[in-house]
Amino acid sequence: MIAPKYFRDDIDVLKNALLHRGEDPKIADDIMRMDMRLRELKKKLDDLRKQRNEKGKLIPKLKKEGKDTEELLSELKELAETIKSYENELETLEEKLKNALYRIPNIPHESVPIGKDETENRVISEYKGIEPLSQNPIPHWEIGEKLDIIDLKVAANLSGSRFYLFKNFAAKLERALLNFFLKENEKKGYMEILPPYLVKEEILYGSGQLPKFRDELYKTQDDLYLIPTAEVPLANLHRNEILNEDDLPLKYMSFTPCFRREAGSYGKDVRGIIRLHQFHKVELFKFTTPETSYDELEKMREDAEDLLKKLNLTYHVVALCTGDLGFSAAKTYDLEVWAPGVKRWLEVSSISNTEDFQARRTMTRFRRKGQKRPLYVHTLNGSGLATPRVFIAILETYYKDDGTIEIPDVLKEFM
RNA sequence: GGAGGGUUAGCCUAAUUGGUAAGGCACCGGAUUUGAAAUCCGGCGGGCUCUGCCCUUGGGGGUUCGAGUCCCUCACCCUCCGCCA
């Protein structure tokens, strides 16, 4: 959530940010107008409440002295009604302002390239892994069928399209990958959290999925939502807390399934297991101070890259442009792995600094030594990493023409 | 699902028939000290346009001039019963 007070002097900063993201900048005017009226109302209410408190204290005093309180009581009754009506107006306005603010995306960092959509993203580095072991790499679904380890037909019978079912070697390889990720990340100081997979609505407001992306979420009859990523529970881990500066940065990771409705992606990635309603991911998450968050972003990117390097896979790093940036992010790197069978770059990690955007929504703060006022932390998230997309790259890269799959060395202990 | 008990600032604990949240511990800063302990002073929920004011007793609502206190409702925790991997 953005803070209106930062734009009081220069509303164009906000308008430009909205423009670069492809949003209507007009909403900025509405917000500043509401912000101004809100402050007026608060001031007015403060004064009225002060009057009420001061005069109310006189009542027991007058009674003790045996004096008549009737006149004062009727005055106070009127005052109470005035206060009530201002309170009603304030409440309505706060609701309206919050509603508007909840729908404003984060302000892009100055280093983010300006662009309208994903075509203007920038590839900033490329890592060359092992050459495909097959002369003529084939798509993972063909490998899966040949070896009888992926059964999309049964998955469709059980759950419909965009679900997968792994058998035997495939099931083991996916599990090995996830265990490998967890072990490597733990070495880098991320503490493992196993969170609930069902969360309350307000938790999704905190991380930024709601109110704008309701269509992407599965909701249960008890008004709990299936998490689309472990970022959701992790971002809310220290909700309403004031952390110690000495404890920062806090580094967490979670392995969870991720559930996404993928509404509006009909006809996209229909073959194979590239786009799914359920997949698995190890998520990395950090709570940092404002001045270290961009260094921590680079470190998190290196941590995620390290996993792909150890698997010896070809990948590149993409700096997202303003038009392709996610709602909560101020800056994002995508890691895309090369899948030689489908001949495509597949996004396996999206690493973002949300600055204080989520912290404002979740009220996650820290106190600096010797300072009274608590400050908002910065939060960062990134996959480290997601299956089965990494699985796809491994299958298509390590499949040999003799019909066997070589297992990367680092995975052997997990098989 | 049913019955009962509970929730006051990081923790612990008060608050006459309803009168405007009192203390303790811990922690932080300062004084004192060769240093430490002890002691003393100050701070120790949040916000603001900050000499001051407003809000804050699990959340929301109601009664009232005024609610920690009375009423309704929800959440969470504990105990027991039932069901259950």
Side-chain angles (χ1 to χ4, degrees), chain A residues 1-10 31-99 101-102 194-206 210 219-225 233 236-248 250 257 287 289 356 359-377:
Chain A
M1 191 153 56
I2 61 158
K5 67 175 168 188
Y6 294 136
F7 307 107
R8 279 171 197 159
D9 296 333
D10 191 359
I31 283 181
M32 297 324 285
R33 197 165 359 164
M34 284 190 273
D35 176 58
M36 196 187 286
R37 176 67 183 150
L38 193 73
R39 284 186 292 153
E40 279 172 17
L41 276 175
K42 278 189 171 162
K43 175 70 180 155
K44 185 79 189 164
L45 258 175
D46 258 27
D47 291 345
L48 291 170
R49 281 169 172 161
K50 182 181 173 186
Q51 275 184 54
R52 181 195 59 192
N53 291 346
E54 281 174 351
K55 290 181 177 166
K57 281 176 194 170
L58 294 176
I59 296 214
K61 211 177 287 175
L62 289 175
K63 276 186 177 168
K64 218 177 279 176
E65 293 168 8
K67 288 180 181 161
D68 183 29
T69 57
E70 206 168 303
E71 196 180 332
L72 186 54
L73 280 182
S74 74
E75 190 187 333
L76 278 169
K77 186 165 186 138
E78 205 173 308
L79 191 55
E81 279 163 18
T82 311
I83 287 175
K84 188 72 200 163
S85 80
Y86 274 107
E87 279 175 345
N88 286 339
E89 187 183 347
L90 180 70
E91 198 183 330
T92 311
L93 186 64
E94 270 183 335
E95 180 85 8
K96 233 173 119 183
L97 178 59
K98 197 150 197 190
N99 234 308
L101 286 174
Y102 266 138
L194 200 155
Y197 305 155
L198 287 165
V199 296
K200 298 177 193 169
E201 188 168 65
E202 69 208 73
I203 301 304
L204 287 145
Y205 273 89
L210 289 179
K219 185 181 182 181
T220 68
Q221 69 214 57
D222 294 318
D223 290 342
L224 292 171
Y225 293 78
N236 288 275
L237 212 58
H238 296 293
R239 202 180 168 79
N240 297 327
E241 282 185 43
I242 296 173
L243 304 167
N244 293 323
E245 184 175 18
D246 290 343
D247 294 336
L248 302 178
L250 286 167
F287 295 88
T289 58
D356 64 6
R360 283 179 186 280
R361 292 176 161 233
T362 59
M363 283 296 278
T364 307
R365 292 173 292 178
F366 75 102
R367 204 187 306 276
R368 206 152 258 173
K369 269 208 162 48
Q371 272 187 29
K372 185 171 152 67
R373 183 181 299 274
L375 304 167
Y376 290 99
V377 298

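Naming convention: chains lettered A, B, ... in sequence-line order (proteins, then strands); numbering from 1 in each chain.
Each of A:R49 and A:K55 lies near RNA chain B, and the nucleotide nearest A:K55 is the one positioned closer to the 5' end.
Using P as the reference atom, B:rC72 and B:rA21 are 26 Å apart when rounded to the nearest Å. Using C1' as the reference atom, B:rG46 and B:rU56 are 7 Å apart when rounded to the nearest Å. When the P atom is used for both B:rG82 and B:rU73, the distance is 28 Å, rounded to whole Å.
Taking every heavy atom of both residues into account, A:E87 and A:R49 meet most closely at OE2-NH2, 2.9 Å. Closest approach of A:A359 to A:V377, counting heavy atoms only: CB-O, 3.2 Å.
Electrostatic pairing of A:K43 and A:E40 does not count as a salt bridge here, judged by no charged N lying under 4.0 Å from a carboxylate O. Under a 4.0 Å N-O distance rule, the pair A:D46/A:K42 does not qualify as a salt bridge.
With rounding to whole Å, A:K44 atom NZ is found 16 Å from B:rC55 atom P.
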### Summary
Annotated structure of RNA chain B as dot-bracket, pair cut-off 3.5 Å, Watson-Crick or G-U only, | for inter-strand, is (((((((..(((......[...))).(((((.......))))).((((...))))..(((((..]....))))))))))))....
Between the protein and nucleotides 42-53 of chain B, list every N/O to N/O distance that falls short of 3.5 Å.
unit_1: B:rG46; atom_1: OP1; unit_2: A:R367; atom_2: NH1; d: 3.1
unit_1: B:rG46; atom_1: OP1; unit_2: A:R367; atom_2: NH2; d: 3.0
unit_1: B:rG46; atom_1: O3'; unit_2: A:R365; atom_2: NH1; d: 3.4
unit_1: B:rC48; atom_1: OP1; unit_2: A:K5; atom_2: NZ; d: 3.4
unit_1: B:rC48; atom_1: OP2; unit_2: A:R373; atom_2: NH1; d: 2.7
unit_1: B:rC50; atom_1: N4; unit_2: A:R373; atom_2: NH2; d: 2.4

Shorter than 3.5 Å, N or O on both sides, protein versus nucleotides 65-73 of chain B: list them out with atom names.
none

